[in-house]
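These notes are about the structure you will find just below.
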Protein chains: 2
Amino acid sequence: MTKPAGRPIGLTLARTAKVVGRAFEDTLAAAGGSTPIWLILISLKKQPTSNQRELAAAVGIQGATLTHHLNAMEADGLITRRRDPANRRVHQVRLTEQGETLFHRLATAARTHDQRLRTGFGEDELATLERLLGRMRTNVADDDTLPEGPLEH
Amino acid sequence: MTKPAGRPIGLTLARTAKVVGRAFEDTLAAAGGSTPIWLILISLKKQPTSNQRELAAAVGIQGATLTHHLNAMEADGLITRRRDPANRRVHQVRLTEQGETLFHRLATAARTHDQRLRTGFGEDELATLERLLGRMRTNVADDDTLPEGPLEH
DNA sequence: TATTGTTATACTCTATAACTATA
DNA sequence: TATAGTTATAGAGTATAACAATA
């Protein structure tokens, strides 16, 4: 026949991500953060003086959505925005000391969360899981029908 | 040896779920549905006369949130709600013909999505992925380590 | 009093469209 | 005209608290 199909892997993935994601959100919230803030902080640590275009692409959100989060983060003293003298349209985003502090708190929370996830897993199993998830991501990203493109220039 | 830690598996899972989940939402939307509607329809097919308490638990949302979705679904003619004569507090939720029709449309969309995800995967790999995700879910559900954030501030 | 569900309200994340300011 | 970012607005999904109906 056509396909044995098995159980829907998309449903399993969604269910897992929901449960695990909520646990992570709770962990981050208890440490004074949230998922988008955490993703923004990670990007800023990797790329200390990012412009907002790069940031939005890295986090996977639209520019206006990023502005929304950065406004809150700036109001909370976590980041500063200043214009690039070389091109005054560009706003360079940088972490403040408070931002650094929050980053470290959230990093600890994330490590705790990850330890919980890893419980009972061998390193080989984690590597396998990571590899399989990567391929699944490729399956929806390498798509010809849905321009899901996160980054382009 | 303290933990070598590896790459954060939680981040990988979240990233994958975000990309894959958005692709799925797009697919469902094109077929006239959404993620919560799809989950509710699945539950109703499995348990044709569910009460709302069961439904909310199955979908993983609060009762008030379910009411919100059911109101819209009822207005769209997808479901009916009637009181259980044996216990008039209970509202039995049932699919209408239109609800059945939408279910089949979304099921087709979900199958298409799943085929896309399965591309390049062997059955053994899918089984492995399913098993690993299940164990990861268990790790956050069997919540002995982190009941809830202690106080902070 | 306890249980089932609804209403009222609000919050978070996200998005699009129109706008400002630079280039 | 084109690009970087902001403002205004909106919508989806979720939640808590107070409430009504029923047991």
Side-chain angles (χ1 to χ4, degrees), chain A residues 14 17-19 21-26 28-29 32-40 49-76 79-94 147-153, chain B residues 14-15 17-19 21-26 28-30 32-40 49-76 79-94 148:
Chain A
K18 186 175 200 169
V19 172
R22 279 192 185 175
F24 188 39
E25 281 160 26
D26 291 346
L28 287 178
S34 69
T35 304
I37 288 177
W38 174 229
L39 295 178
I40 290 167
T49 56
S50 306
N51 67 50
Q52 298 190 195
R53 221 165 170 59
E54 293 166 344
L55 264 181
V59 176
I61 57 180
Q62 293 304 118
T65 305
L66 179 66
T67 295
H68 167 78
H69 291 300
L70 292 184
N71 286 346
M73 291 174 74
E74 192 174 38
D76 284 352
I79 56 143
T80 56
R81 281 184 278 197
R82 70 177 225 284
R83 288 170 181 276
D84 181 346
N87 180 346
R88 290 179 44 76
R89 285 175 303 190
V90 172
H91 290 204
Q92 287 181 341
V93 180
R94 290 171 59 183
E148 184 92 24
L151 183 71
E152 205 63 48
H153 51 260
Chain B
R15 204 149 62 97
K18 186 175 201 169
V19 172
R22 279 191 184 176
F24 188 39
E25 281 160 26
D26 292 346
L28 287 177
S34 69
T35 303
I37 287 177
W38 173 231
L39 295 177
I40 290 167
T49 57
S50 306
N51 67 50
Q52 299 189 196
R53 217 163 173 63
E54 292 166 344
L55 264 182
V59 176
I61 57 180
Q62 293 303 118
T65 305
L66 179 66
T67 295
H68 167 78
H69 291 300
L70 292 184
N71 286 345
M73 292 175 74
E74 192 173 39
D76 285 351
I79 58 143
T80 58
R81 282 184 277 198
R82 71 179 225 282
R83 287 170 182 277
D84 181 346
N87 179 347
R88 290 180 43 76
R89 285 176 303 191
V90 172
H91 291 203
Q92 287 180 341
V93 180
R94 290 171 59 184
E148 193 55 30

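Note that the coordinates shown come from a computational prediction; the quantities given were computed from them, not determined experimentally. Because only heavy atoms are used, hydrogens play no part in the values below, and waters and symmetry mates are left out as well, while side chains stay in. Lettering follows sequence order; numbering is per chain, from 1.
- At a cut-off of 3.5 Å, with distance as the only test, no side-chain donor of A/Arg53 or A/Asn51 sits close to an acceptor on the other residue.
- Close to D/dA12, at under 4.0 Å from its OP1 or OP2, lies no side-chain N or O of B/Ser34.
- Atoms CD and OG1, on B/Glu25 and B/Thr35 in that order, are 4.5 Å from each other to the nearest 0.5 Å.
- For A/Leu66 and A/Lys18, each mapped to the nucleotide of DNA chain D holding its nearest heavy atom, the one lying further toward the 5' end belongs to A/Leu66.
- In this structure, A/Ser34 OG and A/Ile40 CD1 are separated by 7.5 Å, a value rounded to the nearest 0.5 Å.
- Rounded to an integer number of Å, the gap from CD1 of B/Ile37 to P of D/dT14 is 11 Å.
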Item to complete: Do nucleotides 16-23 of chain D as a string where each nucleotide becomes B, S or -: B if the base has a protein heavy atom under 4.0 Å, S if just the sugar-phosphate does, - if no protein is that close.
Response: BB---SBS
Fill in: side-chain contact (heavy atoms from CB on, under 4.5 Å) evaluation trace for B/Lys18 with A/Leu39
CA-CA 13 Å; B/Lys18 186 175 201 169; A/Leu39 295 178; 4.3 Å; yes
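- Judged as a side chain to side chain contact (heavy atoms under 4.5 Å, CB included), and not counting sequence neighbours, the contacts of A/Arg82 are A/Gln92, A/Arg94.
- Of all nucleotides in DNA chain C, those with any atom nearer than 4.0 Å to a heavy atom of chain B start and finish, going 5' to 3', at C/dA2 to C/dA15.
- Here B/Asp76 pairs with nothing under the side-chain hydrogen bond (donor to acceptor under 3.5 Å, both in side chains) rule; sequence neighbours left out.
- Rounded to an integer number of Å, the gap from A/Leu70 CG to D/dT6 P is 7 Å.
- Residue whose closest nucleotide on DNA chain D sits further toward the 5' end, between A/Asn71 and A/Val90: A/Val90.
- Here the nucleotide nearest the side chain of B/Ile61, chosen from D/dG5, D/dA15, D/dG13, is D/dA15.
- Closest heavy-atom contact between B/Leu55 and B/Ser50: CG-CB, 3.9 Å.
- Comparing A/His69 and B/His68, the nucleotide of DNA chain C nearest to each residue sits closer to the 5' end for B/His68.
- Take A/Arg83 and apply the side chain to side chain contact (heavy atoms under 4.5 Å, CB included) test, not counting sequence neighbours, and it matches A/Arg88, A/His91.
- If you measure from atom CG of A/Asn51 to atom C1' of D/dA4, you get 8 Å, rounded to the nearest angstrom.
- To the nearest angstrom, P of D/dG5 lies 10 Å from CZ of A/Arg81.
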Output side-chain donor-acceptor pairs under 3.5 Å for residues 61-72 of chain A, partner residues at least two apart or in another chain, one line each.
{"residue": "A/Thr67", "atom": "OG1", "partner": "A/Gly63", "partner atom": "O", "Å": "3.2"}
{"residue": "A/Asn71", "atom": "OD1", "partner": "A/Arg81", "partner atom": "NH2", "Å": "2.5"}
{"residue": "A/Asn71", "atom": "ND2", "partner": "A/Thr67", "partner atom": "O", "Å": "3.4"}

